[in-house]
J.: 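Encoded as structure tokens, here's the structure I'll be asking about.
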Amino acid sequence: MMAEINSELQSIQILLNNGNQFRIPDFQREFVWGNKEIECLFSDFREDTDDFKSSNSELTGYLLGNIVLVKDERNSLIFDVIDGQQRLTTLTLIFDALGKRFKKLAHDTNKPSWTNRLSNIYKYYMIVDQDFEFKDYKVSYSQSLDFSDAYKTIINPGCNAAQVVESKNTNNIYEVYCSIEEELDKIAENSDDLIRFSDYLTEKVKLIVTIAPSIESAFQLFEILNNRGRSLEPMDLLKNHLLKVLHNRRTPDNIVDIFKDEWNHFIINLKLSDSKKSIDKSSFVRHFILGTQGEKIEKKKLFEYYRKISEARDTDVLKLAKELNCVSNVYASMEDDALKNKFLNDSDDMYIMFELLDTQQIHSLLIPFYKYSEQDKRRLVAIVSLYVAAVVFSSESPSKIEKELQEILSKVLNSKDQDGSIRLQIAIDEVKHHTEPYIKTIEAVLPTKEFGSKHRKKASKALQILKFIELKINDKNRIKNNKAMELEHIMPYSDGWDKYDFRSEEERMSYLNRLGNLTLLDKGINQSAGNGSFKEKTEHYSIGDGPAITRVIVAPLTDPRKGKRKQQLEFLNRHLYNEKYLKYSLWGKDAIDDRSKRLVTLLVEILRGNLL
């Protein structure tokens, strides 16, 4: 008799809080998740829990997806992972980061409740003995996978892993872990939220777990799930419902055909020319509703929202399809190319929002202004891009943007405006008003903030900040045209602490990823500079066409042009140049502190619109 394939909806608690181990075979070649996936995941968590304010008793739960496993014939506690590597790996990394926070809270507060939480969470990311000491990895990667050692050093820092291999997969693992740490930092600002998040994650986040009796049957199932036909999506259900509404109204066939055509074009619009990119249809519809109606609707409530309004007799279903088609056409063009699109071309501000900071949430605010003049659009995005940057650089969750946009757009859309000028001014004034609190957070936090972690030399947020400043101060647009621009550590990553004014290696490492120790360099020049001392690197920093933010470390910025550009350079030199820097042979604590303050002061001036 053939063994059956069994599928079961399981909470994370049931799946991981045990002695089970999940092996990642060597045919699993890539770890593709990154910062964007973690942002989306935590955004979904926040939406599902009302920002972790709801108790588990109030929640129905969140479905994370499917995993397909094969149980080992000789050991019932071991499973080979056929599908679900990204989810399982990410979950264990979340629990590892969560465990580190519980451990710190237990140490800082001396409260047994945090120690108990730490003890209860170990099994979610490690195999432990009765004394909760590490025995093995919950997710065990084949050693042939190039990111195996990177994962091991995160889960078990004391392991004797071989030297971590630099690869795209390794960078993705580190990027995911750093993004998780950033998300947990936000949640941990309120210890009650951290507790609710932990309980929610273990009890209310669920997976469809399929266990196959053999690897052959697992692969057969995997092919069926992924290759046979196209699964029904929420937008298909909505389309069918709207067609039913048209049918019940006895709508003429030619109108129904127009509806179908408009709807199909709407769906086609969201398929970008770059096959690797896609626009989540439900996310677009949420942005569409917010941008046209001023209402923030959760993904899981979209169908119910449209079911109610479509059943009203005065709802124009065909008009809705036409608006979806029209808006999606412009929306998708911005996602496809931030610099050449159907909203606004050749705009640094568009590049900042949709390429550098990759913030989809801001689409809703632009929708009411799709038909405005180019001049008005440039006025708008000049202010909106500063708001987006302030939110991102303050390390606030991008989901906060949607909450604030609901307030802003309700005022914009409800304004009585004949020529559109009042609506535009309301948007600009409201965005400026909402930007200032984030700027104050940046002023207080960024000068001493450690970007990245001990697991990652290159901090993506710091790279975004430096590229943003460079875009604003250097009119040669090297950031947009140069994909090889890298983050450079002025004080080298590997160096002895006793050469500097640090009391220990731990203190030196705490300064390594501060903003004042980071700058931009072309990849080739960065490799030439290597791990030299500051004095040895200055010749690389002063290269004439290099980033202005780096050249100003060793000499004031100059330009033969006069007028506004001369005034601008004087402004920049006043904020960034310090003649004392060239007296340093080593770039230590004092230099890092000084440059951190200078960069943050300049950043604040830019965000407040004070750059000349």
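What's counted below: heavy atoms across the whole structure, side chains too, no hydrogens, waters or symmetry copies. This chain uses plain numbering: 1 for the first residue, then up along the sequence.
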J.: Find the distance between CG (Leu63) and CG (Leu9) and round it off to the nearest 0.5 Å.
T.: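 Atom-to-atom, Leu63:CG and Leu9:CG are 6.5 Å apart.
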J.: If you count every heavy atom of other residues, nucleotides or ligands that lies below 6.0 Å from Lys322 atom NZ, does the total exceed 12?
T.: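 No.
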J.: Tell me every residue that passes salt bridge (Lys or Arg N to Asp or Glu O under 4.0 Å) with Glu402, counting only those two or more places apart in sequence or in another chain.
T.: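 Scan of Glu402 (salt bridge (Lys or Arg N to Asp or Glu O under 4.0 Å), adjacent residues dropped) gives Arg286.
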J.: Just checking, any donor-acceptor pair under 3.5 angstrom between side chains of Asn341 and Asp336?
T.: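 Asn341 vs Asp336: no donor-acceptor pair found between side chains.
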J.: Side-chain donor-acceptor pair under 3.5 Å between Thr89 and Tyr141, yes or no?
T.: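 Checked: Thr89/Tyr141 side chains pair up, N/O donor to acceptor below 3.5 Å.
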J.: Any side-chain to backbone donor/acceptor pair from Ser140 onto Tyr137? Under 3.5 Å, distance only.
T.: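 No, Ser140 side chain to Tyr137 backbone: no donor-acceptor pair under 3.5 Å.
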J.: Do the side chain of His107 and the main chain of Lys103 share a donor and acceptor less than 3.5 angstrom apart?
T.: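 Side chain of His107 to backbone of Lys103: no pair is present.
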J.: Check whether any side-chain heavy atom of Arg87 lies under 4.5 Å from a side-chain heavy atom of Leu207, and answer yes or no.
T.: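 Yes - at least one pair of side-chain heavy atoms lies under 4.5 Å apart.
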J.: Any donor-acceptor pair under 3.5 Å linking the side-chain atoms of Asn325 with those of Glu262?
T.: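 Asn325 and Glu262 do have a side-chain donor-acceptor pair below 3.5 Å.
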J.: For a 4.5 angstrom cut-off between non-hydrogen side-chain atoms, does Leu105 reach Leu194?
T.: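 Result yes, sub-4.5 Å side-chain heavy-atom pair found.
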J.: For residues Asn18 and Lys138, is any side-chain donor paired with an opposing acceptor at under 3.5 Å?
T.: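 A donor-acceptor contact under 3.5 Å links the two side chains.
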J.: Should Asp72 and Arg23 be marked as a salt bridge (charged side-chain N to carboxylate O under 4.0 Å, His left out) after you check the CA-CA gap, both sets of side-chain angles, and the distance that decides it?
T.: CA-CA 10 Å; Asp72 187 90; Arg23 294 187 306 206; 2.9 Å; yes
J.: Is there a side-chain contact between Val209 and Leu69, using heavy atoms and a 4.5 Å cut-off?
T.: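 Yes. Closest side-chain heavy atoms under 4.5 Å.
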J.: Please examine the side chains of Asn120 and Tyr124, heavy atoms only from C-beta on, and report whether any two atoms are closer than 4.5 Å.
T.: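 Answer no - side chains too far apart.
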J.: Could you tell me which residues satisfy side-chain contact (heavy atoms from CB on, under 4.5 Å) with Val445, sequence neighbours excluded, listed by chain and number?
T.: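 Partners of Val445 by the side-chain contact (heavy atoms from CB on, under 4.5 Å) criterion, ordered by chain and then number, come out as Thr441, Lys449.
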J.: Counting only N and O atoms by type, is there a donor-acceptor contact under 3.5 Å from the side chain of Glu295 to the main-chain atoms of Gln406?
T.: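 Checking the backbone N and O of Gln406 against the side chain of Glu295, no donor-acceptor pair under 3.5 Å is found.
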J.: Say whether, by atom type as modelled, one donor and one acceptor occur between the side chain of Ser394 and the main chain of Val391 under 3.5 angstrom.
T.: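 Yes: the side chain of Ser394 pairs with the backbone of Val391.
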J.: Please report the interatomic distance CD1(Ile67) to OG(Ser7), rounded to the nearest 0.5 Å.
T.: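 Output value for this atom pair is 10.5 Å.
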J.: Going through the checks in order, is the side-chain contact (heavy atoms from CB on, under 4.5 Å) test met by Ile155 and Val139?
T.: CA-CA 10 Å; Ile155 301 295; Val139 173; over 6 Å; no
J.: Has Glu73 got more than 12 heavy atoms of other residues, nucleotides or ligands less than 6.0 Å from its CD?
T.: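 12 or below, so no.
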J.: Side chains of Ser179 and Glu182 only: does a donor on one sit below 3.5 Å from an acceptor on the other?
T.: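 Absent: no donor and acceptor within the cut-off.
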J.: Between Asn513 and Glu450 (side chain of the first, backbone of the second, donor and acceptor by atom type, cut-off under 3.5 Å), is there such a pair?
T.: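 The answer is no, because no donor-acceptor pair under 3.5 Å joins these two groups.
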J.: Say you draw a straight line from CZ of Phe259 to CG of Leu318; how long is it, rounded to the nearest 0.5 Å?
T.: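 Output value for this atom pair is 8.0 Å.
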J.: Applying the ring-ring contact (aromatic ring centres under 6.0 Å, His included) test to Phe393, which of Phe468, Tyr438, Tyr387 qualifies?
T.: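 When ring-ring contact (aromatic ring centres under 6.0 Å, His included) is applied between Phe393 and each of Phe468, Tyr438, Tyr387, only Phe468 qualifies.
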J.: Between CG of Leu201 and CG of Leu16, what distance do you get to the nearest 0.5 Å?
T.: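 Here the rounded value is 9.0 Å.
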J.: What about the rings of Tyr306 and His241, do their centers lie closer together than 6.0 Å?
T.: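 No.
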J.: Would you say Asn56 and Glu203 are linked by a side-chain donor-acceptor pair, where the criterion is simply a distance under 3.5 Å?
T.: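 Indeed, the side chains of Glu203 and Asn56 share at least one donor-acceptor pair under 3.5 Å.
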J.: May I ask you to decide if Glu30's main-chain N or O and Asn169's side chain share a donor-acceptor pair within less than 3.5 Å?
T.: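 No; zero donor-acceptor contacts below 3.5 Å.
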J.: Without swapping roles, check the side chain of Asn156 against the backbone of Lys152 for a donor-acceptor pair under 3.5 Å.
T.: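 No, Asn156 side chain to Lys152 backbone: no donor-acceptor pair under 3.5 Å.
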J.: Residues in salt bridge (Lys or Arg N to Asp or Glu O under 4.0 Å) with Asp136, at least two apart?
T.: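 For Asp136, no residue satisfies salt bridge (Lys or Arg N to Asp or Glu O under 4.0 Å) once neighbours in sequence are set aside.
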J.: Do Val388 and Ile352 make a side-chain contact, defined as non-hydrogen atoms from C-beta onward lying under 4.5 Å apart?
T.: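 No; the side chains remain at least 4.5 Å from each other.
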J.: Is it the case that Thr92 and Tyr151 place a side-chain donor and acceptor less than 3.5 Å from each other?
T.: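 The answer is yes; a qualifying pair exists.
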J.: Surrounding NZ of Lys296 (heavy atoms of other residues, nucleotides or ligands, distance under 6.0 Å), is the total greater than 12?
T.: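 Check passes, neighbour count above 12.
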J.: Among Phe284, Phe288, Phe354, exactly one meets ring-ring contact (aromatic ring centres under 6.0 Å, His included) together with His363. Which residue is that?
T.: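 It is Phe354, the one option of Phe284, Phe288, Phe354 that forms the ring-ring contact (aromatic ring centres under 6.0 Å, His included) with His363.
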J.: Just to verify, what does Asp51 make a salt bridge (Lys or Arg N to Asp or Glu O under 4.0 Å) with, not counting sequence neighbours?
T.: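 With sequence neighbours excluded, Asp51 shows a salt bridge (Lys or Arg N to Asp or Glu O under 4.0 Å) to Arg46, Lys403, given in chain and number order.
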J.: Centroid-to-centroid, Tyr122 to Phe95, below 6.0 Å?
T.: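 Judged by ring-centre distance (under 6.0 Å), Tyr122 and Phe95 do not meet the cut-off.
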J.: Does any non-hydrogen side-chain atom of Ile154 lie less than 4.5 Å from one of Tyr125?
T.: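 Not in contact.
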J.: Pairing donors with acceptors under 3.5 angstrom, does anything connect the side chains of His287 and Tyr331?
T.: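 Yes, a side-chain donor-acceptor pair sits under 3.5 Å.
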J.: Taking Glu8 for its side chain and Thr210 for its backbone only, find out whether a donor-acceptor pair lies under 3.5 Å.
T.: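 A pair under 3.5 Å: no.
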J.: Please name all residues satisfying side-chain contact (heavy atoms from CB on, under 4.5 Å) with Asn264, sequence neighbours left out, ordered by chain then number.
T.: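 If we apply the side-chain contact (heavy atoms from CB on, under 4.5 Å) test to Asn264, skipping adjacent residues, the hits are Lys239.
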J.: Name all residues meeting the side-chain contact (heavy atoms from CB on, under 4.5 Å) criterion together with Glu304; count only those two or more places apart in sequence or in a different chain, and write none if there are none.
T.: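 For Glu304 the side-chain contact (heavy atoms from CB on, under 4.5 Å) partners, ignoring immediate neighbours, are Arg307, Lys308.
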J.: Side chains of Leu88 and Leu15, heavy atoms from C-beta outward: is any pair under 4.5 Å?
T.: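 Side-chain contact under 4.5 Å: yes.
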J.: For Lys186, what residues pass the salt bridge (Lys or Arg N to Asp or Glu O under 4.0 Å) criterion, not counting sequence neighbours?
T.: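 Residues passing salt bridge (Lys or Arg N to Asp or Glu O under 4.0 Å) with Lys186: Glu183.
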J.: Filter on salt bridge (Lys or Arg N to Asp or Glu O under 4.0 Å), then keep only pairs touching residues 191-200, sequence neighbours left out; what's left?
T.: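 Qualifying pairs: Lys53-Asp193, Arg117-Asp199, Asp193-Arg196.
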J.: Could you pull out all residues at least two apart from Gln293 that satisfy side chain to side chain donor-acceptor pair (under 3.5 Å)?
T.: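 Side chain to side chain donor-acceptor pair (under 3.5 Å) list for Gln293, sorted by chain: empty.
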J.: Around atom NZ of Lys340, are there more than 12 heavy atoms of other residues, nucleotides or ligands at under 6.0 Å?
T.: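 Counting neighbours around NZ of Lys340, 12 or fewer heavy atoms of other residues, nucleotides or ligands fall under 6.0 Å, so no.
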J.: Who passes side chain to side chain donor-acceptor pair (under 3.5 Å) against Thr359, sequence neighbours left out?
T.: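 With sequence neighbours excluded, Thr359 shows a side chain to side chain donor-acceptor pair (under 3.5 Å) to no residue whatsoever.
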J.: Going by an N to O cut-off under 4.0 Å, is there a salt bridge joining Asp185 and Arg101?
T.: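 Salt bridge present between Asp185 and Arg101.
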J.: Would you check if the distance from the ring center of Phe42 to the ring center of Phe197 is below 6.0 Å?
T.: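 For Phe42 and Phe197, the ring centres are under 6.0 Å apart.
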J.: Do Ile465 and Val392 touch side chain to side chain, with heavy atoms closer than 4.5 Å?
T.: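 Sidechains of Val392 and Ile465: no contact.
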J.: For Ser191, give me all partners under side chain to side chain donor-acceptor pair (under 3.5 Å), at least two apart in sequence or on another chain.
T.: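 Ser191 satisfies side chain to side chain donor-acceptor pair (under 3.5 Å) with no residue once adjacent residues are dropped.
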J.: Could you tell me the separation between the CD1 atom of Ile211 and the CZ atom of Phe79, rounded to the nearest 0.5 Å?
T.: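 Those atoms lie 4.5 Å apart.
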J.: With no hydrogens and no angle check, just 3.5 Å: does a side-chain donor-acceptor pair link Glu335 and Gln360?
T.: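 Side-chain D/A pair, Glu335 to Gln360: present.
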J.: Between Asp48 and Lys204, does any NZ, NE, NH1 or NH2 come within less than 4.0 Å of an OD or OE carboxylate oxygen?
T.: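 No, this pair does not count.
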J.: Which residues pass the side-chain contact (heavy atoms from CB on, under 4.5 Å) test with Ser11, sequence neighbours left out?
T.: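 So Ser11 forms a side-chain contact (heavy atoms from CB on, under 4.5 Å) with Gln13, Ile14, Lys206.
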J.: Using atom types as modelled and distance alone, determine if a side-chain donor or acceptor of Glu37 lies under 3.5 Å from a backbone N or O of Val32.
T.: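 No.
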